[in-house]
Amino acid sequence: MTLNTFKISQARDALRSGETTAVSLTEACISAIEAAGQLNAYCAQTPEIALEQAKAADERIQAGDAPNMCGIPLGIKDVFATKGVSTQAGSNILKGFKPEYESTVTQNLWDAGAVMLGKLSMDEFAMGSSNETACYGPAVNPWKVDDQLRTPGGSSGGSAAAVAADLCLAATGTDTGGSIRQPAAFTGITGIKPTYGRCSRWGVVAYASSLDQAGPMTKDVRDAAIMLSAMCSYDAKDSTSADIVVPDFEAALTGDIRGQKIGIPREYRLDGMSDEIAKLWDNGIAMLKDAGAEIVDISLPHAKYALPAYYVIAPAEASSNLARYDGVRYGHRATLGKGDGIDDMYAKTRAEGFGPEVQRRVMVGAYVLSAGFYDAYYNRARKVRALIKRDFEQAFASGIDAILAPTTPSSAFGLGEMRSADPVAMYLNDVFTVTLNLAGLPGISVPVGLDAKGLPLGLQLIGRPWEEGALLNQALVLEQAAGFTAKPEKWW
């Protein structure tokens with residue numbers, strides 16, 4: 001077992017016992033990254049910073065000051081501001097941008113002694129479900145069958161690929177409409193989106209401010225619990241940050257869910273759902289029932305409107321957030337011709353700096369916020385969002401402890417396979433995940449099996465707000481029952 005294949009929990013114990021060092025762990029990951037260029041998971045590598053942090057972590061461990069994340073080598077999604085290190089959110093418009101500040105989430109991790117291996121590829125401004133909108137080219141799923149390169153999912157595709165291929169022990173991700181959970185399902189790893197407000201958004205490049213939430217992407221549920229505890233904190237710099245105690249999520253992992261009620265939403269059984277996904281879901285239901293949970297059919301009547309509501313609200317917020325990229329203060333600035341004015345600079349800079357998908361969403365957002373269409377689209381979507389949130393509230397008020405559903409409608413598809421003239425085909429990948437973001441709820445994807453091709457499939461559990469500990473424990477039970485231990489066969 002090579003050091004880079006360790007889980008966080010294994011590395012923590014090995015570091016404390018003196019079996020290995022943070023420097024050795026870090027060197028193993030750096031070597032793995034250098035050998036995995038074909039995966040294109042990292043868009044910026046920081047080996048010097050990593051080794052410096054690892055040496056400091058070893059000193060803390062020797063001094064008896066070793067938080068759970070001390071000495072753990074991580075990959076950081078390129079949406080998190082990292083002081084003095086390239087942060088471009090997958091976009092040419094931020095090429096060369098090196099922040100003078102650190103995001104709160106990454107600062108929390110460095111304070112806990114974690115190590116930064118580098119920045120991870122992502123869809124441009126987190127807008128995408130396949131990592132194919134990234135300005136540095138797509139990351140590649142380490143799971144390869146039929147000699148076809150496949151997507152690791154999006155937007156946190158680089159994070160998912162890096163964790164699945166053991167190019168780090170864990171990674172940060174962000175989830176606006178499923179961008180942690182969908183790539184986790186596509187690559188056979190675990191990913192949790194916490195309750196909106198649990199992790200600070202300060203220093204995270206914004207896509208849709210009322211939906212974005214950071215979370216960990218890890219090799220198993222226990223690691224997700226350990227890392228989430230380190231990432232979370234109240235942050236006065238983020239007006240949406242919740243001033244509530246961050247519990248020890250690992251302590252909640254009892255493995256006992258006897259007597260708990262697990263809801264199965266009938267609206268998630270979509271017309272045309274593949275037999276494989278339906279069977280996977282039924283298997284998950286049986287696993288939780290065998291563990292002593294009570295299975296309850298529930299209704300989330302407005303779930304069918306979630307996807308269109310999301311694709312009105314998210315672009316609307318994006319069009320507002322991305323207005324700041326104008327070529328004036330930082331990032332890319334277009335070369336102007338003779339006679340060009342300020343408006344020409346704005347237009348040329350944004351046309352050159354933003355990719356087609358970002359331009360599409362900005363234009364959609366500007367349209368739905370325009371005077372003649374604000375009520376017809378944006379306000380109506382906000383009302384639908386309120387109804388979706390109420391559906392979940394009523395389900396939990398009836399005594400439901402968690403909800404089980406598929407994470408994705410399929411396994412990972414081939415790179416280029418869904419890049420068609422119709423972007424809606426790609427948007428449908430979010431059909432099971434966007435409801436949680438609209439309602440602000442926590443959700444976790446756990447790998448539970450392989451499809452007929454040998455590609456991983458995941459199920460997601462949806463929890464009560466602020467009860468990530470209970471959700472992680474339910475996920476642990478599912479993980480243990482599924483017994484998923486498959487790893488991609490190394491080809492890179």
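In this chain, numbering begins with 1 at the start of the sequence shown.
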Could you check whether [X] pairs with [Y] (Lys NZ or Arg NE/NH1/NH2 to Asp/Glu carboxylate O, under 4.0 Å)?
| X | Y | result |
| --- | --- | --- |
| E59 | K55 | no |
| D401 | K261 | no |
| D235 | R201 | no |
| E250 | R222 | yes |
| K119 | D78 | yes |

Indicate yes or no: at least one non-hydrogen side-chain atom of [X] is less than 4.5 angstrom from one of [Y].
| X | Y | answer |
| --- | --- | --- |
| N4 | L25 | no |
| S156 | S179 | yes |
| R361 | Y311 | yes |
| T435 | Y310 | no |
| E132 | M426 | yes |
| V358 | F125 | yes |
| C168 | L74 | no |
| L109 | M116 | no |

Which atom pair, heavy atoms only, marks the closest approach of [X] to [Y]?
| X | Y | value |
| --- | --- | --- |
| I8 | L169 | CG1-O, 4.3 Å |
| R198 | W466 | NH2-O, 3.2 Å |
| I72 | R12 | CD1-N, 4.2 Å |
| N108 | M231 | ND2-O, 3.0 Å |
| Q213 | P194 | CG-O, 3.6 Å |
| N321 | R324 | O-NE, 2.8 Å |

Taking side-chain hydrogen bond (donor to acceptor under 3.5 Å, both in side chains) as the definition, give me every residue that meets it alongside [X], ordered by chain and number, with sequence neighbours left out.
| X | result |
| --- | --- |
| T408 | none |
| D13 | none |
| D212 | T176 |

Taking atom types as modelled, find out whether [X] and [Y] have a side-chain donor-acceptor pair closer than 3.5 angstrom.
| X | Y | answer |
| --- | --- | --- |
| T5 | D166 | no |
| S445 | T407 | yes |
| D111 | Q107 | yes |
| S129 | Q182 | no |
| N437 | R385 | no |
| E294 | Q260 | no |
| D123 | T133 | yes |

- Message: I'd like to know whether NZ of K289 has more than 12 heavy-atom contacts from other residues, nucleotides or ligands below 6.0 angstrom.
- Response: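 No, NZ of K289 has 12 or fewer neighbouring heavy atoms, counting only those of other groups under 6.0 Å.
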* **Greater than 12 external heavy atoms within 6.0 Å of E52's CD** =>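 Open.
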### Task
Kindly state each residue pair satisfying ring pair (Phe, Tyr, Trp, His ring centres under 6.0 Å) with at least one member in residues 226-257, sequence neighbours excluded.
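As it turns out, there is no ring pair (Phe, Tyr, Trp, His ring centres under 6.0 Å) pair with a partner in residues 226-257 once direct neighbours are skipped.
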Going through the distances and angles, do F80 and W202 end up as a ring pair (Phe, Tyr, Trp, His ring centres under 6.0 Å)?
-> CA-CA 9 Å; F80 292 87; W202 195 85; over 10 Å; no
Show, in sequence, the C-alpha distance, side-chain angles and deciding distance for I262 and I400, and conclude whether the side chain to side chain contact (heavy atoms under 4.5 Å, CB included) test is met. CA-CA 6 Å; I262 306 297; I400 296 297; over 6 Å; no
Which pairs would a plain distance check flag for residues 26-39, meaning a side-chain donor or acceptor within less than 3.5 Å of a matching protein atom at least two apart in sequence or in another chain?
from, atom 1, to, atom 2, distance (Å)
T26, OG1, A22, O, 2.8
S31, OG, E27, O, 3.1

Considering the options T174, T87, T172, T106, which one meets the side-chain hydrogen bond (donor to acceptor under 3.5 Å, both in side chains) requirement together with K77?
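Only match with K77 under side-chain hydrogen bond (donor to acceptor under 3.5 Å, both in side chains): T174.
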Point to revise | ring pair (Phe, Tyr, Trp, His ring centres under 6.0 Å) between Y42 and Y136, worked out | key: CA-CA 10 Å; Y42 281 83; Y136 17 66; over 10 Å; no
Listing, residues 183-190 side-chain donor-acceptor contacts under 3.5 Å, not counting sequence neighbours, or none:
from, atom 1, to, atom 2, distance (Å)
T187, OG1, P183, O, 2.8

- Could you give me the CA-CA distance, side-chain angles and deciding distance for W110 and Q53, then say whether side-chain hydrogen bond (donor to acceptor under 3.5 Å, both in side chains) is met? CA-CA 8 Å; W110 311 148; Q53 290 176 326; over 6 Å; no
